[in-house]
Chemist: 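Below is a structure I'd like to ask you about.
Below, chains carry the letters A, B, ... as their sequence lines are ordered, and counting in each starts from 1.
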Protein chains: 2
Amino acid sequence: MQLRMTSQRELILRELKKSKKHLTADELYERVKKLMPRISLATVYRNLELLSDVELIRKLEVSGRQKRFDSELEDHDHIYCVQCHCIENLNIGNNTVSLAAGHMKGYTITGRRLEVTGICPRCQRKQIKKDGKHSKGGGTVGCAKKGVLSDEQKEVLVAMKNCDEPCASKDIAAATGLETKQVSCRITALKKKGYVESPVRCKYAITNDGITALNA
Amino acid sequence: MQLRMTSQRELILRELKKSKKHLTADELYERVKKLMPRISLATVYRNLELLSDVELIRKLEVSGRQKRFDSELEDHDHIYCVQCHCIENLNIGNNTVSLAAGHMKGYTITGRRLEVTGICPRCQRKQIKKDGKHSKGGGTVGCAKKGVLSDEQKEVLVAMKNCDEPCASKDIAAATGLETKQVSCRITALKKKGYVESPVRCKYAITNDGITALNA
DNA sequence: TACTAGATGATAACCATTCGCAAGTCAAGC
DNA sequence: GCTTGACTTGCGAATGGTTATCATCTAGTA
């Protein structure tokens with residue numbers, strides 16, 4: 001099997017090299033599409049795979065769900081920001097440690113990957129600015145994108161908005177005609193999204209985020 | 001938010017601890033299901049996530065598409081076999097190197113992950129035994145499970161089986177009544193799966209694997 | 001120049017994971 | 001003891017990244 005240097009392939013390679021970052025397949029797809037609108041996402045995936053097979057580029061299997069690709073071929077490690085999910089290069093010598101240890105188990109070593117995780121300076125600054133929110137790390141892991149409101153949830157949220165002060169789920173049930181069980185379940189979901197808070201035990205109120213989300 | 005130790009949760013934790021390996025969510029699900037048949041896969045996922053939030057277990061985001069979970073909490077690294085995809089623990093001290101380098105970039109370090117890749121002793125032995133097959137590493141990445149045969153591919157494969165000696169795609173086309181273009185395309189796919197080989201350029205024959213696959 | 005390996009675009013399939021919902025269970029307060 | 005609401009569960013549908021399939025195109029090679 002032998003590779004042809006097609007125009008698509010060339011473009012993909014060039015764009016990856018041009019961007020010094022570690023792009024995901026579809027970030028690269030977005031860029032390439034601007035220059036070659038009819039290119040298919042499948043072609044991008046295929047070529048990234050192929051190009052890394054022949055070692056013209058390097059596939060990084062790092063944290064997160066998406067693979068990333070790198071045009072830099074020399075061995076280097078990565079540092080990964082757990083908040084913004086950006087990845088930077090890191091240069092550390094001292095590779096011999098791991099190789100020796102590996103050999104002790106009878107393995108033939110083919111490579112090694114060091115990934116340091118942390119919070120990048122940018123995110124640290126952001127954190128200091130608005131440090132009211134207690135982000136437990138858990139909860140919405142990974143992309144902390146706010147879920148969309150379902151109609152059922154909206155119903156509860158609207159009722160809650162109409163209350164002047166924190167109300168019990170029982171009150172919401174009365175207002176909406178729903179069963180309290182359903183209400184309580186939906187409140188839980190809304191709380192997780194940050195649209196509802198509980199200032200007093202068993203009393204709930206809509207948050208500012210919740211109001212924004214309703215209007216959106 | 002406070003966790004209850006439900007029977008499901010307990011079982012999941014116990015089974016993970018029992019197996020010394022690094023299980024994926026659904027490997028664990030298979031085990032747990034034997035003891036609690038009505039448990040849901042979602043429950044397993046949920047609990048693994050929750051348990052790792054409270055640090056009763058540890059989530060490993062290692063190579064491959066699936067996450068793995070580990071009941072061992074101390075810091076340790078991993079060695080990963082690129083052929084059988086098994087993972088073993090590895091103990092290397094010397095963590096300070098990476099941390100220092102990370103700090104230089106202004107990061108607040110939260111963790112680090114070293115993954116050595118290689119071929120495990122078991123796979124090395126296997127390799128020596130039957131070393132006729134050139135497995136380029138590429139091709140079917142990850143799970144190297146053979147694709148299922150489509151009806152179209154079967155058609156071509158059957159025709160090929162009926163030939164005593166390697167035949168050209170033209171011959172297959174004649175035998176099946178298909179266009180040679182289609183045939184050639186399917187042959188390519190079959191070759192990639194290892195069901196067809198090309199002993200001579202432009203001549204194809206069904207492989208033993210191919211025959212097995214047909215009968216299956 | 002004919003033939004075919006290799007590439008492409010479109011789209012369907014895949015697979016691990018997550019979400020939404022309704023129903024269940026447990027602990028605390030009345 | 002009964003009620004209430006927080007926390008769980010099972011089910012099933014949705015999501016999202018990635019891969020496979022197929023027909024068609026294109027470019028090397030005999």
Chemist: Counting just side-chain N and O atoms, does B/Arg4 come under 4.0 Å of either OP1 or OP2 of C/dA27?
Modeler: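 For B/Arg4, the contact criterion (side-chain N or O under 4.0 Å from OP1 or OP2 of C/dA27) is not met.
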
Chemist: For DNA chain C, whose closest nucleotide is more 5', that of B/Ile187 or that of B/Ala25?
Modeler: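 By nearest-heavy-atom nucleotide position, the 5'-most residue is B/Ile187.
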
Chemist: Atom CD of A/Glu27 and atom C1' of D/dT18: how far apart are they, to the nearest Å?
Modeler: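 Distance check: A/Glu27 CD to D/dT18 C1' gives 15 Å.
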
Chemist: May I ask you to verify if any side-chain N or O of A/Gln8 is less than 4.0 angstrom from the OP1 or OP2 atom of C/dG9?
Modeler: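 Yes, within the criterion.
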
Chemist: Taking atom C1' of D/dT9 as reference, at what distance in whole Å does atom CG of B/Leu3 sit?
Modeler: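 Result: 14 Å.
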
Chemist: Figure out the CZ/C1' separation between B/Arg186 and C/dT4, and round it to whole Å.
Modeler: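 Answer to the nearest Å: 16 Å.
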
Chemist: A/Arg9 CZ to D/dT26 C1': how many Å, rounded?
Modeler: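 It is 12 Å, rounded to the nearest whole Å.
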
Chemist: Quick one: ring pair (Phe, Tyr, Trp, His ring centres under 6.0 Å) pairs with a partner in residues 166-191 of chain B, sequence neighbours left out?
Modeler: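 Of all non-adjacent pairs touching residues 166-191 of chain B, none passes ring pair (Phe, Tyr, Trp, His ring centres under 6.0 Å).
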
Chemist: Is there a side-chain contact between A/Arg31 and A/Leu23 in this structure, where contact means two heavy atoms from C-beta onward sitting under 4.5 Å apart?
Modeler: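 Yes, close enough: below the 4.5 Å cut-off.
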
Chemist: Would you confirm whether B/Thr207, through its side chain, and B/Tyr195, through its main-chain N or O, come within 3.5 Å as a donor-acceptor pair?
Modeler: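 Yes: the side chain of B/Thr207 pairs with the backbone of B/Tyr195.
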
Chemist: Output the rounded distance in Å from CG (A/Leu51) to C1' (C/dG6).
Modeler: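 Whole-Å distance recorded here is 14 Å.
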
Chemist: Kindly say whether B/Ala168 contributes a backbone atom to a donor-acceptor pair with the side chain of B/Asp171 at under 3.5 angstrom?
Modeler: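 Yes: the side chain of B/Asp171 pairs with the backbone of B/Ala168.
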
Chemist: Rounded to whole Å, how long is the line connecting atom OH of B/Tyr29 with atom C1' of D/dG10?
Modeler: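 My rounded result for the distance is 10 Å.
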
Chemist: Would you say B/Thr6 reaches D/dC7's phosphate, i.e. side-chain N/O to OP1/OP2 under 4.0 Å?
Modeler: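 For B/Thr6, the contact criterion (side-chain N or O under 4.0 Å from OP1 or OP2 of D/dC7) is not met.
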
Chemist: Which value, rounded to the nearest 0.5 Å, describes the distance between A/Leu35 atom CG and A/Ser7 atom OG?
Modeler: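 A/Leu35 atom CG to A/Ser7 atom OG measures 11.5 Å (nearest 0.5 Å).
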
Chemist: How close or far is atom P of D/dT21 from atom NZ of B/Lys154, stated in whole angstroms?
Modeler: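 The answer, rounded to whole Å, is 13 Å.
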
Chemist: Between B/Glu27 and B/Lys21, is a salt bridge (charged side-chain N to carboxylate O under 4.0 Å, His left out) present by the stated rule, with each step listed?
Modeler: CA-CA 11 Å; B/Glu27 283 164 357; B/Lys21 297 200 296 177; 6.0 Å; no

Chemist: Using a 4.0 Å cut-off on heavy atoms, which residues in residues 30-46 of chain A reach DNA chain C? List them by number, or say none.
Modeler: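 Within residues 30-46 of chain A, the residues near DNA chain C are A/Arg38, A/Ile39, A/Ser40, A/Ala42, A/Thr43, A/Arg46.
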
Chemist: Report yes if at least one side-chain N or O of A/Lys67 is closer than 4.0 Å to OP1 or OP2 of D/dG16; otherwise report no.
Modeler: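 Checking D/dG16 against A/Lys67, no side-chain N or O comes under 4.0 Å of OP1 or OP2.
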
Chemist: Do B/Glu49 and B/Lys59 have side-chain heavy atoms sitting under 4.5 Å apart?
Modeler: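 A side-chain contact under 4.5 Å exists here.
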
Chemist: D/dA20 C1' sits how many Å from B/Leu190 CG, rounded?
Modeler: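 Rounded to whole Å, this separation is 13 Å.
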
Chemist: Mapping B/Ser7 and A/Asp26 to their closest nucleotides on DNA chain D, which lands nearer the 5' end?
Modeler: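 In this pair, the answer is B/Ser7.
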
